[in-house]
Amino acid sequence: MTDSWPPAFDVQGHRGARGLSPENSIPAFRKALSLGVHTLEMDVVVSSDEQVVVSHDPHFSATICRKPNGEPIDPGEEADLVLFGMHYEDIRCYDCGSNVHPDFPDQDLQPVRKPLLREVIRMAEEHVQRHGRTPVGYNIETKSTPDGDNRLHPAPERFVELLVDTVRASAVADRTTMQSFDPRTLKVARSMSPEIRLSLLIPFEGPPLDELLEFLGFTPHIVSPDYRLVDAGFVARAGRTGMHVLPWTVNKRSDMLR
């Protein structure tokens, strides 16, 4: 374990420890910490009462979640179960950890709810202190798209404001990275919270890096490409501008070694 954060080689727990515990849950983040990760990676959405909720999807997923009464969610119902249209007190009643995940059969299944961001941070900070280990970082993705504004999530200004308020209140802003495929949220965050590191996510079939940086209008701290885009040329290009390279998501040893 390194003596400071961020380390030169940052090992992140994707959605906590998704292969071992239900994704984006308190048990998954606790498992990741027990394995010694440097940074907890997670996704956030916003509820109708403006609570920052840890969730990859803007709606309840039929794959991983069940209704409060234990019944399965029909895939056709997902569009009616948008978290931005629900109070958190209702969101927390759904179980998102008891279904067998088809891609992760080794998960330790257990009833879990979608936690608040502040709850995840509080658990992690207490874990670190209790075990006397190096402080951890938080890599938080804003699940945001232009066509989702005020429908699936707040507009960028309010979304970022809620996120920034949470990490500042939790006293972890200097160990927080905000990442997004949506450069609008990165632009807002740059002016609103200079202490938070920014990461530009790049999809496999997206525009080239130079075009994305031109649209963004500044150089972020980190560029985070689909791992299939990473080669020596990509790393050299990023290095010339001082950006760190943090690929997503490497699940195979052969991909890591390449």
Side-chain angles (χ1 to χ4, degrees), residues 1 11-49 51-133 135-141 143 166-167 170 172 248-252:
M1 190 59 65
V11 179
Q12 302 205 0
H14 182 230
R15 306 188 201 178
R18 189 187 186 198
L20 303 175
S21 297
E23 68 175 57
N24 277 322
S25 68
I26 292 290
F29 294 119
R30 185 179 292 115
K31 180 66 174 179
L33 291 170
S34 72
L35 293 172
V37 302
H38 305 126
T39 299
L40 297 177
E41 190 273 349
M42 65 197 74
D43 315 271
V44 294
V45 300
V46 176
S47 65
S48 64
D49 51 339
Q51 301 296 305
V52 182
V53 183
V54 180
S55 174
H56 179 268
D57 299 309
H59 52 72
F60 278 105
S61 165
T63 301
I64 66 172
C65 298
R66 297 181 184 179
K67 297 177 181 178
N69 62 7
E71 292 181 357
I73 296 173
D74 186 279
E77 296 179 281
E78 290 183 343
D80 297 323
L81 296 173
V82 174
L83 304 185
F84 189 50
M86 303 171 66
H87 278 66
Y88 182 66
E89 284 304 309
D90 295 321
I91 292 171
R92 70 189 307 276
C93 294
Y94 285 71
D95 172 14
C96 295
S98 296
N99 287 354
V100 176
H101 198 298
D103 297 329
F104 303 102
D106 294 329
Q107 280 187 350
D108 179 19
L109 300 181
Q110 54 190 296
V112 300
R113 59 182 171 84
K114 291 183 182 292
L116 295 173
L117 175 59
R118 66 171 182 266
E119 294 176 321
V120 172
I121 296 173
R122 182 171 63 245
M123 179 280 296
E125 296 297 294
E126 290 175 352
H127 179 98
V128 166
Q129 186 174 24
R130 184 164 58 250
H131 293 276
R133 57 159 288 182
V136 294
Y138 302 91
N139 188 11
I140 305 169
E141 180 181 347
K143 306 302 289 188
T166 300
V167 298
S170 302
V172 297
W248 56 273
T249 294
V250 181
N251 289 323
K252 295 181 180 179

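For clarity, every value in this text was computed on a predicted model and none was experimentally measured.
- Looking at Asp95 and Lys67, their side chains never come closer than 4.5 Å, going by heavy atoms from C-beta outward.
- Smallest separation of non-hydrogen atoms from Ser48 and Gly85: CB-C, 3.9 Å.
- Looking at Ser170, its side chain never comes within 3.5 Å of a backbone N or O of Val167 through a donor-acceptor pair.
- A salt bridge links Glu119 with Arg113: the distance from a Lys NZ or Arg NE/NH1/NH2 to an Asp or Glu carboxylate oxygen falls below 4.0 Å.
- Side-chain contact between Leu33 and Leu40 is present, with heavy atoms from C-beta onward closer than 4.5 Å.
- Rounded to the nearest 0.5 angstrom, Asp80 CG and Phe60 CZ are separated by 13.0 Å.
- The shortest side-chain heavy-atom distance between Val82 and Val45 does not fall under the 4.5 Å cut-off.
- Scanning both residues, Tyr94 and Arg66, for their nearest heavy atoms gives CD2-O, 3.3 Å.
- In terms of modelled atom types and a separation under 3.5 Å, the side chain of Asn99 and the main chain of His101 share no donor-acceptor contact.
- Annotation: side chain of Leu81 is in contact with side chain of Ile73 (closest heavy-atom distance under 4.5 Å).
- The line from NE2 of His14 to OG1 of Thr39 is 13.5 Å long, rounded to the nearest 0.5 Å.
- Ala62 and Asp74 get closest at one heavy-atom pair: CB-C, 4.1 Å.
- Leu109 has its side chain within reach of Val100: a pair of non-hydrogen atoms, C-beta onward, lies under 4.5 Å apart.
- The minimum heavy-atom distance between Met86 and Asp49, with the atom names listed, is O-OD1, 4.1 Å.
- A donor-acceptor contact closer than 3.5 angstrom links the side chains of Lys114 and Ser55.
- Counting non-hydrogen atoms of neighbouring residues, nucleotides and ligands closer than 6.0 angstrom, the NZ atom of Lys31 reaches no more than 12 such neighbours.
- A donor-acceptor contact under 3.5 angstrom links the side chains of Arg118 and Gln51, judged on distance only.
- In this structure, Glu23 contributes its side chain and Ala17 its backbone to no donor-acceptor pair below 3.5 Å.
- Between the side chain of Ser61 and the backbone N or O of Thr63 there is at least one donor-acceptor pair closer than 3.5 Å.
- Counting only heavy atoms from C-beta outward, the side chains of Val54 and Asp43 never approach each other to under 4.5 Å.
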Pair Phe104-Leu20, side-chain contact (heavy atoms from CB on, under 4.5 Å): steps then yes or no: CA-CA 7 Å; Phe104 303 102; Leu20 303 175; over 6 Å; no

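- Distance CD/Glu41 to CD1/Ile140: 10.0 Å, rounded to 0.5 Å.
- Between the CG atom in Asn24 and the CZ atom in Phe29 there is a gap of 4.5 Å [rounded to 0.5 Å].
- Of the possible donor and acceptor atoms, one in the side chain of Asn69 sits under 3.5 Å from a partner among the backbone N and O of Glu71.
- With 3.5 Å as the limit, one finds a donor-acceptor pair spanning the side chains of His56 and Arg15.
- Exactly one of Pro22, Cys65, Pro111 qualifies for a side chain to side chain contact (heavy atoms under 4.5 Å, CB included) with Ser98. That residue is Pro111.
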Would you check, one step at a time, whether the test side-chain contact (heavy atoms from CB on, under 4.5 Å) holds for Val112 with Gln110? CA-CA 6 Å; Val112 300; Gln110 54 190 296; 3.8 Å; yes

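- Considering all non-hydrogen atoms of both residues, Tyr138 and Ala124 come closest at OH-CB, 3.3 Å.
- In this structure the side chain of Val53 reaches within 4.5 angstrom of the side chain of Leu116, judged on heavy atoms.
- Between Ile26 and Met123 the shortest heavy-atom distance is O-CE, 3.9 Å.
- Met42 is not listed as a side-chain neighbour of Asn139, based on a closest heavy-atom distance of 4.5 Å or more.
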